[in-house]
Amino acid sequence: MDSRASPTAAGPVTVAGLAKRGWRQLGRRFRGHLRSRWLLWTMLVLLLAALLGLLVWLTGRYEASAVQSRLDAEALEVVSDLRNGLARNMRQLQLLTPDKPSVWSAQSAELLQQRREIVRLEWRDPQLQTLLGQDALMRAPVFSRTPRAQSAADVNLACSTAMRFEGAAYSNSYFVPQPDGLGLELMDLCIPQTVSGRLIGFTVATYALSDMLVEMASARLPRGYALAFTEADGTRLAMHGQLGQGQKLYQAQLLLDLPGNTLVVRMETRQGTADLFPNPLSALVSSMALALTLVLFLLVRDMRRRQKVEQDLAEALAFRNAMEDSLSTGLRARDLQGNITYVNPAFCKMVGLQAEQLLRSGDQAPYWPPEMVALYSRRQQDRYNNSAVLRAGHESVFQRSDGTRFPVLIMEAPLINAQGRHTGWMSAVLDISEQRRNEDLSRASQDRLQATARLAMVGEMASLLSHELNQPLAAIASYANGSVNLLQDALQQGQAADGAALAADLLTALQRISGQAERAGKVIRSVHDFVRRREQPRQAVAPQDLLDAIMPLVALQARKLAVQVISTVAPDCPAVLCDRTMVEQVLLNLVRNGMQAMQGTPTGGAHRVLELQVHAVHSEGESVRWVEFSVSDLGQGIDPAAAQQLFTPFFTTKAEGMGLGLSLCRTVVEQHGGTLRFESHRPQGTVFHFTLPATALSKAASPTRELSTA
Ligand code: ADP
């Protein structure tokens, strides 16, 4: 069948249409195939049934004809016997001479004793008058009940016929009732006796037809056969023998034509019983036919099973092929000598060679790089000798037909056939060039990422440093300016100036400059550690010490911004465990934000007050675990939109702000395990709270201090 679909006038050709048409053709082909197969099988069964029927019928017919032939042959023999017997009797009867009546009687009696079919002998004169008569001695005289005269006409007719023929002649048969109530069918034989051509009388012998059958033919009659004399119309005159139990009646009729009378001899037999198999031959043929039918049935069943198995196999094969063809993994089978015995399309595609080229390639694969052949052969042998290594899989490099090389991952397993014999090896081959490429790419991007991260870190550090160093630098600048002013004043005043007081002021200023420079150094180190996410050793610091450390800077700024700073440390407040420099930076940032927030408020009075409070956090039944720091101002407060992104790095509302202060504060506090939050301050402003872990109770804190700058 042509599997290609050709466009038809029915409509435009589409892929789906072609596929559908292909399936329809395949289905038609399959159905046609099935139909023709069933037709063949039906014809075979019908022909076989017809053949068997014909065989049984022919066997029956053959048997019937055999029986008939045998019957015909038997009948011929019987008629021949009868004819011979009658001829023999005739010769003996002709010897009877009536010269002396006593002699005739004695001869007749003897003859009657020998030939029992003859029941009476008579010697009649030419006028047919009975001169002498002799009945058979063994039976009652046949004419005792009916006078002989009643059959005179038959005798006369026979004798006149004999005269006409100039020889013996038989009369027609006639029925003579007997004393026992039965009757006999008799027939007379008339033999004219002449002496020198002159008729001297007639010998008349009376035959009983039934006795003729018994005496002259029964010797030959087989069992189950019946013999009868009948008239032309079939009326039975005498009969001998018993018919068998057969279903079918066979008949053979022959004429026994005698001078003056013709008798019909009929022989019958019954053959074929009511059984299914009337005889061995039919039985044999029928049982063979049955056996043949059974074999045919078994064959049909076996064939159907086979068909089912074939169909299942074909489906399994189609499924396997589809699976192998759709695989992107290359499959390769090798025999024990290392010759390739199977490759799937994916493998061919991978190495760029045809399956035939691969199958013919021998034990040195054409996809091995030429310089690696020796190494690969050795490695293959080693692997095949060690099945554990084999299963683990290994990487290798193959060469395509165009010379390009690519890495592969090979996994192999021994091939065991259906008999459990090891016949070779099966390999799954994966082209891992894409994977390799991805790995390289990911490695490169990882490197790039790391570089970027380093750059980001540098950026973060630079930003934080510039943010955090602002304050100490401003302080240094401020102290330096102060010192310069002091010196200028002293120079202008000349000798009037108090040298000792000046020296003391300068010393203080220089000490503060040195302190702030030192602080700047610490900040740089701390920020560096912070950015590198390095854990700093923590120390127990009293909250007051923390406040004291930042106070010079706070005071400087407070003075500049005309803010009053009040710090209060609760008496029972324990020391905190912290990275001191960074926590100080947190405090500084919060204080600075608070002061800056109050820039819009009027100066003087209680408008610009910044409060720093520290107290221990008490929770029920527990010792103090946290210390809370609060920085509250009376500034403009924080509007809800800004509150959303307050801690986002680089979020600022200030013209010169960097937006890093709060984000740094929260990170530092959280690194210590604490929390940073804010809320509105009554009547105005904002309060920032943060907690730090407490150590054991520290020494009593200093009382409330006030740093007035106004
Ligand atoms: P910066 O101070 O450089 O702007 P911060 O992260 O410290 O960066 O602050 C971010 C913003 O949060 C500030 O610009 C300001 O708008 C707001 N803010 C911070 N503290 C306060 C405060 N105490 N009162 C009102 N607004 C504040």
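Order of appearance sets the numbers: ligands from 1, and atoms from 1 within every ligand. Predicted model, so just to flag it, every value in this text is computed and none were measured.
The closest approach between Cys665 and ligand 1 stays at or above 4.0 Å for every heavy atom of the residue. In this structure, Gly659 has a heavy atom closer than 4.0 Å to ligand 1.
Thr653 N, 2.8 Å is the protein heavy atom nearest to atom 14 (O) of ligand 1. The protein non-hydrogen atom at the shortest distance from atom 6 (O) of ligand 1 is Leu662 N, 2.9 Å. Scanning all protein heavy atoms for the shortest distance to atom 26 (N) of ligand 1 gives Ile638 CG1, 3.5 Å. Looking from atom 4 (O) of ligand 1 to the surrounding protein, the closest heavy atom is Thr652 OG1, 2.6 Å.
No more than 12 heavy atoms of other residues, nucleotides or ligands lie within 6.0 Å of CD in Gln354, so this atom counts as exposed by the packing criterion.
Each of the following atoms of ligand 1 lies closer than 4.0 Å to a heavy atom of Gly657: 3 (O). Annotation for ligand 1: atoms under 4.0 Å from non-hydrogen atoms of Asp633 are 22 (C), 23 (N). Here is the list of ligand 1 atoms found below 4.0 Å of a heavy atom in Phe651: 10 (C). Shown in contact with Ala597 at under 4.0 Å from a heavy atom are these atoms of ligand 1, numbered in order with element: 22 (C), 24 (N), 25 (C). Against a heavy-atom cut-off of under 4.0 Å, Gly661 is close to the following atoms of ligand 1: 5 (P), 6 (O), 7 (O). Against a heavy-atom cut-off of under 4.0 Å, Thr686 is close to the following atoms of ligand 1: 24 (N).
Side chains of Gln471 and Asn589: a donor-acceptor N/O pair is absent below 3.5 angstrom, by distance only. A donor-acceptor contact under 3.5 angstrom links the side chains of Ser396 and Arg379, judged on distance only. In summary, the side chains of Asp548 and Gln544 do present a donor paired with an acceptor at a separation below 3.5 Å, with no hydrogens or angles considered.
Between Gly338 and Gln380, the closest heavy-atom pair is CA-NE2, 4.3 Å. Residues Met582 and Val527 approach most closely at SD-N, 4.3 Å, considering heavy atoms.
A perpendicular orientation is assigned to the rings of Phe347 and Tyr367, their planes being inclined by more than 60° (bins at 30° and 60°). Note: Phe647 and Phe678 have tilted aromatic rings, judged against thresholds of 30 and 60 degrees for the angle between ring planes.
The shortest N/O to N/O separation between Asn593 and ligand 1 falls below 3.5 Å. Between Lys654 and ligand 1, at least one N/O pair is under 3.5 Å apart. Taking any N or O of Leu646, backbone or side chain, none lies under 3.5 Å from an N or O belonging to ligand 1. Between Gln636 and ligand 1, no pair of N/O atoms sits closer than 3.5 Å.
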Worksheet item: Please walk me through it: do Lys522 and Glu584 pass salt bridge (Lys or Arg N to Asp or Glu O under 4.0 Å)?
Response: CA-CA 11 Å; Lys522 277 190 197 163; Glu584 287 170 7; over 6 Å; no
Worksheet item: Taking it one step at a time, do Leu590 and Leu662 satisfy side-chain contact (heavy atoms from CB on, under 4.5 Å)?
Response: CA-CA 8 Å; Leu590 293 178; Leu662 285 182; 3.8 Å; yes
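Taking the side chain as every heavy atom from C-beta outward, Val576 and His672 never approach each other to under 4.5 Å.
Of all the heavy atoms of Phe688, the ones lying under 4.0 Å from any atom of ligand 1 belong exclusively to the side chain.
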